[in-house]
Amino acid sequence: MEERLVLGSSFGSAATAYAEHRPDYARAAVRWALELAPGLRVLDLGAGTGKLTATLVALGAEVIAVEPDPAMLTELRRALPAVRALSGSAEALALPDGSVDAVVAGNALHWFDMAIAGPEIARVLVPGGILAGLWNVLDDRVEWITGLERVSGPGAIGPRDTLSNWRAATADLHLPNSGLVPRFGSAEQSEFPHGQRRTADSLVETLATRAGMLVLPERDRAAKCDKIRAFLAGRPETGHGEFTLPMLTGVLRVRRL
């Protein structure tokens, strides 16, 4: 729990870089996440700088964004001034009972304490409402991505971050870890093609916004970034100019009981 709190609270120190370099989410994935919801009143929980929020708005959802980190929330409000954006956490939601049709979390569900957050999320959802976690994952069927994973280490590319591992790593995240009665039904998982235009330098900057990188001492983080940059410079796919980073957006979807 303590490690999760430390990692989860690390993003504010890199809020501007996060806003600039993190990818959005595949629209098809967001549509699938919401397709069983009774309506389009959506809570984006752990909204960060608004990467998922922007896609929800573009798809016509009525969005409330909730984010605990002040620096991340500032970036979200700057990018999406028309969105109702609130300070708060998954464990303490200042929203009325049954006020949203869906709760979504982009690269955030794994930070929640579901023993507390699960009942809170269930409380604000309408009956039959949807909880969905979304993760952008690297397509490690591509050979150079497997090399990047080896060089980067788990601090930059962890089990939730690759196509081959994300399903197993996220399958139970909607469940409380304390033996409490689950508030949600059986999970469904699916993934959708995605991609992001990057250069070697901007991909290094992207990986540097991962929690496992942000908590490293400055010298160690710089050394790791240099190692990743050297790997990318030596690959024909990434060593010259822009390339498309092969990704998918994975979705875990459950219905409120």
Side-chain angles (χ1 to χ4, degrees), residues 1-26 29-30 33 42-59 61-95 100 102-114 116-117 120-121 124 131-137 155-158 160-161 170 173 194 196 198 202-216 218 221 225 247 249-250:
M1 176 66 73
E2 183 177 350
E3 181 184 15
R4 183 171 65 182
L5 289 173
V6 170
L7 291 169
S9 63
S10 65
F11 296 109
S13 64
T16 301
Y18 195 107
E20 180 179 356
H21 295 295
R22 282 292 186 106
D24 61 3
Y25 295 84
V30 181
V42 181
L43 168 59
D44 185 2
L45 190 50
T49 62
K51 295 293 183 177
L52 178 54
T53 315
T55 304
L56 291 164
V57 170
L59 292 176
E62 178 188 340
V63 185
I64 301 170
V66 170
E67 167 56 38
D69 188 277
M72 300 286 272
L73 190 59
T74 295
E75 290 291 334
L76 190 157
R77 287 170 170 163
R78 180 192 59 77
L80 298 164
V83 170
R84 183 184 176 195
L86 308 176
S87 177
S89 71
E91 294 77 17
L93 294 171
L95 295 175
V100 296
V103 175
V104 299
N107 275 79
L109 188 62
H110 50 277
W111 300 123
F112 303 164
D113 179 357
M114 288 302 289
I116 303 171
E120 271 291 89
I121 293 169
V124 302
L131 167 63
L134 296 90
W135 292 267
N136 281 318
V137 300
I157 301 177
R160 289 184 302 270
D161 299 323
T170 64
L173 288 181
H194 198 25
Q196 184 187 30
R198 297 281 80 185
S202 65
L203 180 51
V204 171
E205 294 293 336
T206 303
L207 294 174
T209 67
R210 300 289 177 88
M213 295 284 281
L214 292 172
V215 299
L216 289 175
E218 179 62 34
R221 183 165 62 249
C225 287
M247 300 189 306
T249 298

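Heavy atoms only: backbone and side chains are in, while hydrogens, waters and symmetry mates are out. The model shown is predicted, which means the values in this text are computed figures rather than measured ones.
Under the rule for a side-chain contact (heavy atoms from CB on, under 4.5 Å), the partners of S202 that lie at least two apart in sequence or sit in another chain are H21, R198, T199. Residues satisfying the salt bridge (charged side-chain N to carboxylate O under 4.0 Å, His left out) criterion with E120, sequence neighbours excluded, are R123. R84 pairs by the salt bridge (charged side-chain N to carboxylate O under 4.0 Å, His left out) definition with nothing, not counting sequence neighbours. Remark: A90 pairs with L45, F112, A117 by the side-chain contact (heavy atoms from CB on, under 4.5 Å) rule, at least two apart or across chains. With sequence neighbours left out, R77 forms a salt bridge (charged side-chain N to carboxylate O under 4.0 Å, His left out) with no residue at all. Residues forming a side-chain hydrogen bond (donor to acceptor under 3.5 Å, both in side chains) with T249 (at least two apart in sequence, or on another chain): N136. In this structure, T49 has no side-chain hydrogen bond (donor to acceptor under 3.5 Å, both in side chains) partners at least two apart in sequence or on a different chain. Qualifying side-chain hydrogen bond (donor to acceptor under 3.5 Å, both in side chains) partners for T170, counting only residues two or more places apart in sequence or in other chains: Q189.
Contact of the L43 side chain with the L93 side chain is registered, since non-hydrogen atoms from C-beta on lie closer than 4.5 Å. Side-chain contact between E67 and T53 is absent, with no heavy-atom pair separated by less than 4.5 Å. Residues Y18 and E75 fail the side-chain proximity criterion, which asks for heavy atoms closer than 4.5 Å.
Shortest non-hydrogen contact noted between G46 and A108 is O-CB, 3.7 Å. Considering all non-hydrogen atoms of both residues, P68 and S87 come closest at O-OG, 4.4 Å. Heavy atoms only, all atoms of each residue included: V104 and V42 are closest at CG2-CG1, 3.8 Å. When every heavy atom of R160 is checked against every heavy atom of W135, the shortest pair comes out as CD-NE1, 3.9 Å. In terms of heavy-atom proximity, L216 sits nearest to R221 at O-NH1, 2.8 Å. Taking both residues in full, the closest heavy atoms of G212 and V215 are given as O-CG2, 3.7 Å, listed atom of the first, atom of the second, then distance.
Between the side chain of R22 and the main chain of T209, a donor-acceptor pair closer than 3.5 Å is present.
With rounding to the nearest 0.5 angstrom, the SG atom of C225 is 10.5 Å from the CG atom of L203. Of the inter-residue distances, the one linking L56 atom CG with L80 atom CG reads 10.0 Å to the nearest 0.5 angstrom. Note that CG of N107 is 7.0 Å distant from CZ of R210, once rounded to the nearest 0.5 Å. One distance of note links CG of D161 with CE of M247; it measures 11.5 Å at 0.5 Å rounding.
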